[in-house]
Each structure stands twice: as C-alpha cells, then as structure tokens.
Amino acid sequence: MATTTDKAKYRQVKRLNLPEIEKEILAFWTENNIFDKSIEIRKGNEPFVFYEGPPSVNGKPGIHHVMGRTIKDLFCRYHSLKGKQVHRKAGWDTHGLPIELSVEKTLGITKEDIGKTLTVEEYNTKCREEALKYQALWGKITHQMGYWVDMDNPYVTFENEYIETLWWILKQFYDKGLLYKGYTIQPFSPAAGTGLSTHELNQPGAYQDVKDVSATAQFKVVRNEQSELLYEKVESSANVYFLAWTTTPWTLPSNTALAVGKNITYLQINTFNAYTFEPISVIIAKDLVGQYFNAENGELPLDSYEAGSKTVPYAIVGETTGAALEGCRYEQLLPYVQPDDGDAFKVVVGDFVTTESGTGIVHIAPSFGADDMMLAKKYGLGSLTLVDKQGRFVDAVTDFAGVPVKNYDNVPDKEYRAVDIDIVVKLKGENKLFKSEKYMHSYPHCWRTDKPIIYYPLDSWFVRTTEHKERMVELNKTINWKPAATGEGRFGNWLENLVDWNLSRSRFWGTPLPIWRTEDGSEEICIGSIDELAAKVDEAVVAGLMTDNPYYELKDGKRVRRADFDLHRPYIDRIVLVSSKGEPMQRESDLIDVWFDSGAMPYAQWHYPFENKEKFEENYPADFIAEGVDQTRGWFFTLHAIATMLFDQVSYKNVVSNGLLLDKNGVKMSKRLGNTVDPFEAIEKYGADANRWYMISNSQPWDNLRYDIDGVQEVQRKFFGTLFNTYSFFSLYANVDNFTYSEAEIPMNERPEIDQWVISMLHSLVKEVDGLYAEYEPTRATRLIQDFVTDHLSNWYVRLCRRRFWKSESNSDKLAAYQTLYQCLETVLQLMSPVSPFFPDFLYRNLNAATQRHEAESIHLTDFPIADESLIDKALEERMEMAQTICSMVLALRKNKDVNVNVRKPLQKILIPVLEEDKKLQLQKVEDLILSEINVKEVEYVSDTSGIVTKNIKPDFKKLGRKLGKKMKAVNIALQQFTQDDINQIETKGEYILDIEGEKIGINLDEVVISSDDIEGWLVNSMNGLTVALDVTITEDLRLEGFARELVSRLQRLRKEMDFELTDRIIVTFEEHPSLESVLEKFNQYISNEILADELQVAEKLTDATAIEVDGKTLEVKITRNIL
RNA sequence: AGGUAAGUAGCACAGCUUGGUUAGCGCAUCGCUCUGAUACAGCGAAGGUCAUUGGUUCGAGUCCAAUCUUACCUACCA
C-alpha cells in the first residue's frame, strides 16, 4: 500500500485504509514488544494499578466487549503516557452455571445424569474444556482491537493456586465468625427432592395456570393496651380480627406474623361471620373493602341481620394506618406448634404489601416465602416448618399428619381433594374463616416432574456481610464512581439494604466450599490451604478413614507432593477427614458463588499469601477498574465486600461503570433477534481505531450506546479522514522542501499571529484533555480533540496557511508554518493515542522517521504532552473566533441571491460597527486574515456617531431581572419601544430613567444589551454580537482582478489534469482574445507566480489548444512544460 | 413491585450543576459553491409544543411534583 519515493522523508500513502494500517502497526508492536517496553520504561515509577475483571470465555466475544475493553485500555494507556507503570494482568472466569449448562447442552444431558450416565470425572473434564472454549477467539479480538493486557500470564479461576487463595480467604472469614450455615427459602420440588435454580424456574412451561382454594382467615386480635382502641368500638360479645388472604392455606399452620403496609389506610368494620353468624369486627385495607363487602349492605342497620341470611350488614367504625397497627398481637390461628426461634404472632410492616389484591394484610410464614423470610430476619420473628421435604405435613400437625400439601401421590385430578379444602373446613368450624373461594393463578412447576414446587427452607452457607454493612457504606463513599449516581444510588442504596451473602450453589463445576463436618454437625473444620488439607488427610489415613493420601506420591523413594491433583468435585468429595473424637467428617457438598471467585481476584491472581506477597502489596488496591453497569451487584460488590471484610479497606479507588451496547434502534443485542454485531467484521471494515473512537466519542461511557455502523464510518471519514488529509498535506510539502525539523525552533513571538493562535489553541486543548482523562471523562476529551483537528487545525489553520507552504522561496515564515503544523500534529496524535492507538502511532512513526525528534520508537512510549500556560493567549483565541464569525457572515452575504459573488471575485470593503475601542483593537489584529479569507480589500470600523447604524436595545435579563423582579415585564416592553434617540441617550449618559406606571426606574447602560442590527443601504449580517456590512460594488479594477484569479484557477486545474509535478515550471500560450489584453498586462506577474509559469504568451492562432471557460468567455490555451 | 438512569429535529448527541427571552453541533435530505489537501470543506434551506401534566418564578429545556415510555439491576407477590 505504501508508495514511498526515494527522496521522500515522510512516508506518503495514497488512500486511507485503517484496517491495513492497523495490521502493520500490530506487527510492529509484536515484533518490537512495544507493550512490554511501555511497562519496562516506567520501572521504578509510581504504579497505576488496574484490575481486569475476568470475562467468561465460554461464549464468543461481542461488540460490547470491544466497548468495555476500550474504556479499560484507554485509561491504562493514558496513565502510562503520564509516566506511571501500568501492569495489566489478564484473567479468565472459568466457573459457573453458564459453563455447566453449555456442557449439558453439548452432551445432551441434564443435571440428573451427572453421576449416572456420565461420571463426575468426565463431566469435570468437559467443563474444564468448555470454560476456555473460546479463549483463542478472545485472544484474537483482544489483539486486533489493540487492548493491551498481558495474556501470557493470565489468572484462571479454576487453577488450584487460585482456589487455594479463595480457601485462604474463606478461612479468614470463618475464623472471624463471618461464615455460617443457615437456610434460604428456595424453590424446591418435593416430587424430585431437589432445589431448583431461578434459571430452571424460567424454563418455558414452568409457570402454569392452576385453580387453588384461597382463604381469607380471621386472626383474633389480642386485647391489650395497644389494641384497646379497637375493642372500644365493638360490643362486648364480639372480637376484633385481622383479615388476611392466602392462596396456599397449607401454609397457615406455619403462620407466625401478619404484615401491613406502613402508609396503607385500614378500616375497622363491624359485621357478622357468614359461616358462624357470630358478630365480629374486622380490620381490612380501605381500598379493598369493595372486594369483600357489598356497598348496599353498609346502609343496613346491624341489628337487622338474621343468622344465615346472604345479606350481611356491616358498619365502618374506625380508620387507622398500617404504622399504627405495627406491633399488635394476635392469637395463633392453628396452634399445633409454637416457634422457639424468635418472637411471633404480631403485626409487622412489609414494604411489599400492596392493596392490589387480598385484604392489604399479608399472612407471613417465614419458611415458605422469600419475602416472609426476609421480614422474619428483619424483625427477629420465629418460624415454623410444619411440612417436610416430601411435601407432607409433619406429625405435629395432628389433623393432617402425613398428608401432602399438593398432589404428590399422583391421585387422578378428578379424585384429588386438596388438603387446603380440609384446612378451610376446619377454619370455618372454628369461626376463623371469613371467606373462601377458588382462585386461578399462575404457579411454578418443576420442569422435570411437572408437579407444583413449593418454597422451602434449604441449607445454605452465608457470609455475614451485614456485620460489615456500615463499614462498606462508609468505604464506598471514598470511591470515585463514574457516574457518581451509580455509586451513591444504585450501589449505595443497595449496600444500605444489604442482606447476608448466600455463598452456596448446589452444582458441580466451581470452587468447592472447604468445610468438613461430622454427621451430627457437632464438629466442623474449615481448610485454608492445600498444605493444611494434605496434613489433615494424613491424619485421616492414620485413623483408617482414607486408604491413601492423594496429595502425595513417591518419587525416587521420597514422599513428595503431587502436582497433578484437582481440587474440584468429585475428587474433593472423596476426602474424608477425622474429627477430634475419631469420627468421619464429610465435606459440605456446596460450591461457592462464582462471584466470590472474581471478587477475590486482587489476592488470588497473585496466589496471595502463598506467593508474591510483595507483588500483591504493590498492586493493592486498584486505582482503576471498569465494567458494565450490570456488574454493580456482581463484581463491583464482591470486590468491595471481600476487601472490607478482609483488610478493612477499599479494593478500588476509581470505577467506571459503563452502559450497555444496544443496536441502532435502541434494542438490546441478542442472538435471538439477530441484531448482534460481529466485532471482527466491524474491525475489519472500518478499523479498531474508528470503532473505538466512535464508541468513546459518541456517548458517555455510562450511557447506553446505540451502535450504528454508519456512525463508525462517519468517524472514519470525518475525523480520521481529515487528520489523514492534514498529514498528507504536510508530508507533501515537507518532502518537497526537505523539512526535517533540523532548523532551530523559531521563537513563538516571531511567528505570525495565526501560528500563535493555533499553538495557543493546542495548549488549551492539551490542558483540557489532560484534565478530562484524569477525571475519567473520555467522551468530552475526544470531542474536544475532534473539534480541534477538524475545525481549527484543518479547516482554519491549514486552509488559511496553504500559501505559506507552497510558495517557492524558503524563509522563516515558511519554517514557522512547518514547525507549527508539525507540533500540532505530533501533539494531537499523542492526545488521541489512548483512545485510538493505531493510527496515531502510524503517523507518529512516519513523522519521527524523518525528524528523529524523539527516541521513542512508538507513540505509546512517549510522555504525555504538557500544556505550556505561557503559550495560551485567551484574547488571541477570542479575536480569532471573531474573525471566524465575520468570515462566515461575509461568505453568507456573498451568497445572497441578489449578489452572488463568489470568493474569487475581490470586493472593495466591509463595514464593521464597533462601539468599544478595545474590541476594535482586537479586530484590527486579525484584519489581514479576515480580508484575505473573504477576498475583500479593506475594512472600515464605524462608531455610533456615523449615524448610519440602526441600533437595537434589549434588557440584560440576568442583571435586570434580579434587580426588578415583577417589574421586569413592563420594563422590557418599555425598552422595546425605545427610539434611536433614546438609545443614544442611554449610551451617552450611561443611564436612563423610565417611567413605569408613575414609578421612576433607573436603568444603567450595563444593564442593557445594545446591538447594531442594520446599516442603511448595505448588505448586513449579524451573529454572536458582531455585525458586518458588505459593499458589493464591482469596479473595473476589481473585475479585472477577479478575472485574473478565475484564470489562475482554470490553469491550475489544467496543470493538474496534465499530471504536472507540483514544482514543474511551465509556459502558457493563449489564443488572442479581447478580454485577455488588460488582464495579462496588469496581472502578468501575479498569474505567472501562481501557476509557476515562466512565460505567458499570446498567439494569433493555436492548434492543439484546450478550451477553458472563464467568466463566461471561452479561451483557447496551451501549456507546455518548460525544461531548462 | 422496588432501586437507578434516560426521554431535546429523521438519526446520534450538547445545553440542565449556577433559570434569563431566537435551544445548539454533527450526520442524513435539498439547493448553491470551493478545492494543487478529491473519502475534505464553505454558504443557504427545510426540520423542535425540549415525553406529558401541573407547580414555583417577572421569566422554565434547566428547579419541584405527578404521570407515561425505555433500559439495566433486584425481587417475585399474599
């Protein structure tokens, strides 16, 4: 692709092909170990610690991974340029359910088959393969996208060393009493005898519509001080009851509490029980009264009731809130057994209580509902588990002992009588049932047995995170979250409501829980290292519980530790240890949550504390981590929790939580919808650089990004294309002029104004970009860089300075132009290199090859530019902005349909009204630039006294509004009616007294904004507080000059068409034409200079001539190369 | 259901912290122009009830409240 001529110092490339360039740069990086060098050269410097959140590589990488990794990469590269040493250790997450599921899918088996049709060993082997299935593909995308991370020495979560660190941490927790065995309420299938995962519940068909008997039970309020108010409203014979509704009456014997909504309004209603006809008084949510009572019956007097009548009168006698009911006691509904693990039979407040259905009072059975359990923990409520694992009532429930709570005995549907019905009948008889009816609802079923599941308390191991909750909240406040809202809100709020971390997972492929127990649970041991385990096994061998120790082997007659053991199941389950009493201890069969694996990576990646103690200490805590916002409660939490509990400190100081990548319509990408984007294709098409730049510049990392490949193309065309053109322009002329930056630096104050301006802009840019990267605000940084490159550098500086480069004589002005442009290019490349690392390195290397200004062979080995404040001149930047505005306006005026004079035609004059002397001085400094850009001969500044300017006055709302308040409107109207005289008056006197409805109000000059909107008889334009008028009269002189310029333009085009070299001298011969005479006479020198002609001849008649059209006239012309 | 964020032109975004009267930029569309830097640029046109409703205020895209929609996380319902 490269077309390099022998003489050229700067490499020139005809067309921009980013993917090609990236391949070349990748090869260069690999051959020269640039990544390694970028770390080596910072040796001994302050480290910048980065943790790589391990991706699971059992799936193919997607385009969103490119997004996440670009964010990680760019800050690491930035800090590396800033002189820090930035190690980046890759890691792979290799445990967990997704891997097990894909193995099951590949082998066509289910969890049930493990250990039956397939040995656990085979299964284990399969998982090990599956876990790293796409590792190579991940390596490839990492490489191609330019993500620098050390993949030669990654941490892998299934390795023994990694697991050993996890065990060490668990043991620390165990010793601190942070690990305990409890239970959680989980979906459980009594028919299959197993717990189900959420994933299994989400299987299609799991939820089925079934008809169950629902009951609204009466819970009798205990009469005491708190409830006295309720009892005052009823007759002595009646009792007060809470009404609670349930679709699972079988849980009623296990009831231990009732929950109300704090802000829900409840009514007390006197009425009669429809089954026993006894007078009762019930409590129910106001919004639900209509569900239970017919409004008409509320009109009836209570004493009109006849026992057995369908018409039950009622009367509302009181109103209260849930908050007031909290703490009320009630009598146990079905007193078979009393709980012994806490308080019971009282009213508590639950946030989940609504008035959508039921009674607004929820029956709580902690053993059979997750919400119930949480509430029980919160209030220290006792619990009752009166159903066994077969789904049958225990013997203590005398009436129903042994009866299954659902149809687990395979009774034909028609004959099946649910125990719920019997419970309802019993309640009816005891005046404890208010209402019962059949209820259709969606209920989860076991996908294997098709039987209803129940929620049931199952053994689990927990980490007592709640004990360190306050500290976690506190430490979290020291972490810099991007965006802040995620840290304070999403994460912070969640920490506030933290519950203990359920570590247990009943699966096969994961880190085994290193706890062994005797059968009766009287003794248990937590193992913290492989050494410890091996030693314990020796004891077990001695005790005769194990035949040999699998962690040792005999080598050359010596007993040595084996290297090839595996800490996973099933091998670990074969280890039996011995208790102090000589009893066998079996391992608790659970695995631990995979999030514990990744949350422990700061320690486990170094096999701490068994190895690398120093390395760990140098690399802890992290300065920076980044992952998707969906990891907030995943990795971000586990890192934080483990660090707080282990070392009482944070494990990361800055965290960027990035948003998701959606397709261009804002829909989440999924294989099912077929709207995924293949990252390899995207990179192949437009390059990693364009993709990376697009992702970072298009939206803030934490906002969701709608990925649109057309947007990538736009970035490539607009930003990279412009930068490429700028470089091409520079290299083209620098090669011609042999500019290699070998001359002495021209002092800034000796360079032209425009050079000083662009350098000032450059240093302002460096300052801002540096700050933004440091604050983890990459999007704003990239937008600034892009604006600088396209608007300021290319479309202003280079465009205005073109002639300085291509004029033939060499002088300090030309040199200044080269040096200035070179500095801009070089600096901008450095600024953008963290985000898009390839193309800047390519250009940097091309530039540096010619100038050898830097020793660094890659831009990634250079130091980040430092902003030189002394070169920043805000006044200069401002006046250049004014110049740009004026040019814009004049170009628009030239375009005016009444005039339509193109820029090549010179015009005589522009008029700029300026009221302040200061502004005039500013404008005068950029006058030449303006005039040459818009091709106008002179500028005249007019002050207010000229009398040709029409002025406009407007209040400065910010100032006057504060001062006047309500009178603002009237003053505004008055100002609108100001005459030119009034405006002149306020301008000369500095103030004006208004008369608003008889009130005198003084207005100062600085409280109004006066603008010049019109100039009589001129073409006028206004923008940004500037006004410009254009004189469009074309004199003969102007016409001639315009003609000359048109002529030059046509001849230049001709040169190009004839493929002349830039430096070729030519001879031009015209055929005689009346319009040529005066032009050639007057502008001979000018034309010759412009087109590098040694001679302009006129001949009577030309053959082989080319016809060109200039200002509507056809001229015959011939160009020949002048070979001297 | 709860938590968190977002909603501004056909599309993608800025402006909101600190309220100020003509709401910007880019792309796309249409018209014109320039170019010895031909994957570039310039000028113009068209395109907006700033999600909706209400409030505070002399003045609201910006502050407050409610509602609707979207996304993520958590939970799963008597």
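A:R783 has no side-chain polar atom (N or O) that falls below the 4.0 Å cut-off from OP1 or OP2 of B:rC25. Residue A:Y727 places no side-chain N or O under 4.0 Å from the OP1 or OP2 atom of B:rA37. Distances shown here put every side-chain N or O of A:N704 at or beyond 4.0 Å from the OP1 or OP2 atom of B:rA6. Listed pair A:Y694 / B:rA12 fails the phosphate criterion, with no side-chain N or O lying under 4.0 Å from OP1 or OP2. In this structure, A:K958 does not reach the B:rG59 phosphate: none of its side-chain N or O atoms is under 4.0 Å from OP1 or OP2. Distances shown here put every side-chain N or O of A:R15 at or beyond 4.0 Å from the OP1 or OP2 atom of B:rC40. In this model, the phosphate group of B:rC58 is approached by a side-chain N or O of A:K966 to a distance below 4.0 Å at OP1 or OP2.
Atoms CG (A:L16) and P (B:rC40) sit 11 Å apart, rounded to a whole Å. Atom C1' of nucleotide B:rC16 and atom CZ of A:R780 are separated by 13 Å, given to the nearest angstrom.
Among the atoms of the strands shown, base atoms are found under 4.0 Å from some heavy atom of A:R962. Nucleic acid contact for A:N725: base, since at least one base atom lies under 4.0 Å from a heavy atom of the residue. Within the 4.0 angstrom heavy-atom criterion, no nucleotide atom of any strand lies near A:G711. Using a 4.0 Å heavy-atom cutoff across all strands shown, A:S728 reaches no nucleic acid atom at all. Within 4.0 Å of A:E714, counting heavy atoms only, lie sugar-phosphate atoms of the nucleic acid but no base atom. Heavy atoms of A:K718 sit under 4.0 angstrom from primed sugar atoms or phosphate atoms, though from no base atom.
Residues meeting the side-chain hydrogen bond (donor to acceptor under 3.5 Å, both in side chains) test with A:T216, sequence neighbours left out: A:Y292. Qualifying side-chain hydrogen bond (donor to acceptor under 3.5 Å, both in side chains) partners for A:N255, counting only residues two or more places apart in sequence or in other chains: A:Y330, A:H363. Legend: residues meeting side-chain hydrogen bond (donor to acceptor under 3.5 Å, both in side chains) with A:R799, ordered by chain and number and at least two apart, are A:E933. With sequence neighbours excluded, no residue forms a side-chain hydrogen bond (donor to acceptor under 3.5 Å, both in side chains) with A:E768.
Checked against the 6.0 Å centroid threshold, A:Y456 and A:F188 count as a close aromatic pair.
Within 3.5 Å, a donor on the side chain of A:S794 pairs with an acceptor on the base of B:rA37, or the reverse. With hydrogens and angles left out, the side chain of A:R490 and the base of B:rC72 share a donor-acceptor pair within 3.5 Å.
In this structure, a donor-acceptor pair under 3.5 Å is present between the side chains of A:D737 and A:Y818. A:E627 and A:N658 form no side-chain donor-acceptor contact under 3.5 Å, judged by distance and modelled atom types alone.
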Which atom pairs link the protein and nucleotides 44-48 of chain B when you take only N or O atoms and keep those under 3.5 Å?
none

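Classification of A:E1090 and A:R1045 as a salt-bridged pair fails, no side-chain N sitting under 4.0 Å from a carboxylate O.
B:rA6 and B:rU62: their P atoms are spaced 14 Å apart (whole Å).
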Dot-bracket line, read 5' to 3' along RNA chain B, where crossing pairs take [ ] and | marks a partner on another strand, Watson-Crick or G-U under 3.5 Å: (((((((..((.(......[...).)).(((((.......))))).....(((((..]....))))))))))))....

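Using bins of under 30°, 30° to 60° and over 60° for the plane-to-plane angle, the ring pair A:W481/A:F636 lands in the perpendicular bin.
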